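Note sheet for the following structure.
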Amino acid sequence: MEGFEGACSSEGVLDLSRLNLNNNSLDTVSDKRRKDTKQLYLCYNRMTNLPESVSLFSNLEFLDISNNTLSVICEDITRLTKLKTLIAKNNRLNEFSLPKDFGSLQLEVLNFSGNRFEEMPSQCLQLLRLQSLSLGGNRLKSIPAEIDSLARLHSLRSLSLHNNLLTYLPREILSLVHLQELSLRGNPLVVRFVKDMTYDPPSLLELAGRTVKSKNLLYSHKDLPSHLVNYLDMASKCPNPKCAGVYFDSCVRHIKFVDFCGKYRLPLMHYLCSPECTSPCSSNPQSDADSDDDNSVPADRLQRVLLG
């Protein structure tokens with residue numbers, strides 16, 4: 001192999017792992033070899049940035065860049081239009097390390113385990129062909145409620161969030177109806193009871209808006225300025241089935257345990273319209289004091305969730 005003593009090469013596969021390579025080492029690979037390579041292994045090297053020359057591997061389908069010291073993935077990776085699998089475990093990546101157009105890739109498998117992500121990268125929500133997403137061993141403290149953007153990822157079957165700092169999950173995670181495997185081991189939510197409730201008194205605007213919505217008063221652009229009409233249209237219905245209330249900006253953040261697979265009780269974040277809507281939480285798996293609206297979740301949906 002040109003310029004790489006100890007490199008392992010076979011048809012369609014180029015293994016450059018454990019060769020002490022730096023950011024510029026790929027420049028010496030021949031054009032023919034780049035074109036022929038479908039699987040590229042760059043594990044256990046000294047790369048701090050993914051080399052721009054990786055984009056010259058035009059037929060690449062599999063890329064493993066694990067166990068380097070990568071802090072940035074270059075914009076040029078978006079030129080790998082055939083890339084289906086990206087393994088980037090055990091680096092120094094965070095939510096600012098990815099190129100803006102990373103979501104344009106046709107990835108099916110993405111593994112960012114063992115990095116420094118404190119938030120779920122927004123670009124991941126744009127990977128419409130994604131089947132498996134691994135973010136285990138990072139620094140995630142919460143999963144944003146906007147995770148139901150993930151509902152567009154119709155191919156997503158596996159979501160790994162193990163060994164993070166999660167104390168609860170957003171209720172919207174139930175919208176991931178195609179999910180077959182959810183890994184949460186090693187998070188505080190699995191091993192201890194968590195309850196958190198905060199409430200900001202509603203403003204006069206919110207009180208007026210709640211009255212309009214709760215009494216089903218008709219309104220239109222002929223009656224109100226457009227910004228008030230837009231505000232009223234943003235009302236969120238209280239998830240408590242015994243309450244017909246709504247909220248806008250002021251709500252109660254409340255942890256509620258919900259049964260999964262008849263075995264696990266996961267703390268999900270609920271947003272209620274007032275403290276009167278809250279019900280006691282219990283860490284007792286046999287308790288149903290907080291299960292008033294659990295029946296609204298189809299049983300077949302829960303059976304698709306596994307904890308590992």
Side-chain angles (χ1 to χ4, degrees), residues 1-118 120-121 123-124 126-127 129-140 158 160 162-163:
M1 189 68 213
E2 64 280 352
F4 292 112
E5 191 173 327
C8 179
S9 176
S10 61
E11 184 176 357
V13 179
L14 178 57
D15 189 349
L16 301 178
S17 302
R18 303 179 185 274
L19 295 179
N20 209 28
L21 305 183
N22 57 38
N23 298 342
N24 302 315
S25 298
L26 292 182
D27 296 344
T28 59
V29 179
S30 69
D31 291 340
K32 182 181 185 306
R33 187 54 185 162
R34 289 169 178 164
K35 183 178 180 180
D36 293 341
T37 299
K38 294 184 178 180
Q39 297 183 27
L40 177 60
Y41 294 83
L42 295 171
C43 318
Y44 294 97
N45 283 297
R46 294 189 298 113
M47 296 180 175
T48 57
N49 300 312
L50 184 62
E52 296 179 359
S53 54
V54 74
S55 64
L56 300 177
F57 291 77
S58 57
N59 292 312
L60 201 63
E61 299 177 0
F62 178 100
L63 175 61
D64 191 341
I65 51 177
S66 301
N67 297 94
N68 281 276
T69 55
L70 293 170
S71 59
V72 175
I73 291 182
C74 63
E75 186 76 34
D76 299 76
I77 196 175
T78 60
R79 296 168 60 185
L80 298 177
T81 58
K82 298 182 180 180
L83 190 65
K84 296 180 180 179
T85 299
L86 175 60
I87 312 296
K89 299 185 297 183
N90 303 326
N91 282 288
R92 299 178 180 177
L93 302 173
N94 58 39
E95 52 270 25
F96 305 107
S97 300
L98 307 183
K100 179 181 177 181
D101 295 328
F102 184 82
S104 66
L105 288 168
Q106 304 301 305
L107 291 177
E108 297 177 358
V109 177
L110 176 59
N111 192 327
F112 279 147
S113 296
N115 279 281
R116 300 180 177 183
F117 290 97
E118 295 184 5
M120 180 176 290
Q123 293 94 327
C124 293
Q126 303 166 11
L127 297 168
R129 296 191 179 185
L130 200 61
Q131 298 180 16
S132 175
L133 173 60
S134 299
L135 285 166
N138 278 278
R139 302 173 180 179
L140 302 176
S158 175
S160 296
H162 56 276
N163 296 334

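Quick caveat, the model's predicted, so the values are computed rather than measured.
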Handout entry: Phe112 backbone acceptor or donor facing Asn138 side chain under 3.5 Å
Key = yes
Handout entry: Whether over 12 other heavy atoms sit under 6.0 Å from Arg129 CZ
Key = no
Handout entry: Exercise: identify the closest heavy-atom pair between Glu118 and Leu140
Key = C-CD2, 3.5 Å
Exercise for the section: Could you tell me whether a side-chain N or O of Asn23 sits under 3.5 Å from a main-chain N or O of Pro51, the two making a donor and an acceptor? Expected result: no
Problem - Side-chain donor/acceptor of Gln39 to backbone N/O of Gly12, under 3.5 Å - result: no
Practice task
Would you check if the side chain of Thr85 reaches a backbone N or O of Leu110 as a donor-acceptor pair within less than 3.5 Å?
Solution key: no
Exercise for the section: Apply side-chain contact (heavy atoms from CB on, under 4.5 Å) to the pair Leu50 and Cys74, showing each step before the final yes or no. Expected result: CA-CA 6 Å; Leu50 184 62; Cys74 63; 4.3 Å; yes
Fill in the blank from the handout: Tightest non-hydrogen contact, residues Ser25 and Thr28, listed as O-OG1, 3.4 Å
Problem - Pairing residues for Asp64 by the side chain to side chain donor-acceptor pair (under 3.5 Å) criterion, not counting sequence neighbours - result: Ser66
Completion exercise
d(Asp101 CG, Leu98 CG) to nearest 0.5 Å is 11.5 Å
Exercise for the section: Using the side-chain contact (heavy atoms from CB on, under 4.5 Å) rule, take Val54 and Leu40 through it: C-alpha gap first, then chi angles, then the decisive distance, then the call. Expected result: CA-CA 9 Å; Val54 74; Leu40 177 60; 4.3 Å; yes
Handout entry: Asn163 side chain vs Ser113 backbone, donor-acceptor pair below 3.5 Å
Key = no
Problem - Criterion side chain to side chain contact (heavy atoms under 4.5 Å, CB included) against Phe62, the qualifying member of Leu86, Ile87, Val13, Thr37 - result: Ile87
Fill in the blank from the handout: Separation between CG (Leu60) and NZ (Lys38), nearest 0.5 Å, reads 11.0 Å
Fill in the blank from the handout: Distance col, row Ile65:CD1 vs Leu16:CG, nearest 0.5 angstrom, shows 13.5 Å
Practice task
Indicate whether any N or O donor in one side chain lies under 3.5 Å from an N or O acceptor in the other, for Lys82 and Asn59.
Solution key: yes
Practice task
Identify the heavy atoms of Leu93 and Ser97 that sit nearest to each other, and give their distance.
Solution key: CA-OG, 3.5 Å
Fill in the blank from the handout: Between Phe102 and Leu127 the two heavy atoms that sit nearest each other are O-CD2, 3.6 Å
Problem - Stepwise side-chain contact (heavy atoms from CB on, under 4.5 Å) check, Phe57 with Leu14 - result: CA-CA 11 Å; Phe57 291 77; Leu14 178 57; 4.1 Å; yes
Exercise for the section: Keeping the roles fixed (side chain from Asn45, backbone from Leu19), state whether a donor-acceptor pair exists under 3.5 Å. Expected result: yes
Handout entry: Interatomic distance, Leu133 atom CG to Ser158 atom OG [nearest 0.5 angstrom]
Key = 8.5 Å
Practice task
To the nearest 0.5 angstrom, please state how far the OG1 atom of Thr81 sits from the CD atom of Glu61.
Solution key: 10.0 Å
Handout entry: Check: Gln106 side chain, Ser104 main-chain N or O, donor-acceptor pair, under 3.5 Å
Key = yes
Exercise for the section: Dump the intermediate steps for side-chain contact (heavy atoms from CB on, under 4.5 Å) on Leu56 and Leu26, then the final yes or no. Expected result: CA-CA 10 Å; Leu56 300 177; Leu26 292 182; over 6 Å; no
Handout entry: N-O pairing of Arg33 and Asp36 below 4.0 Å
Key = no
Practice task
Would you check if the side chain of Arg116 reaches a backbone N or O of Ser71 as a donor-acceptor pair within less than 3.5 Å?
Solution key: no
Fill in the blank from the handout: Taken to the nearest 0.5 Å, the spacing of Asn20 CG from Arg46 CZ works out to 4.0 Å
Handout entry: Check: Asn68 main-chain N/O paired with Asn91 side-chain donor or acceptor under 3.5 Å
Key = yes
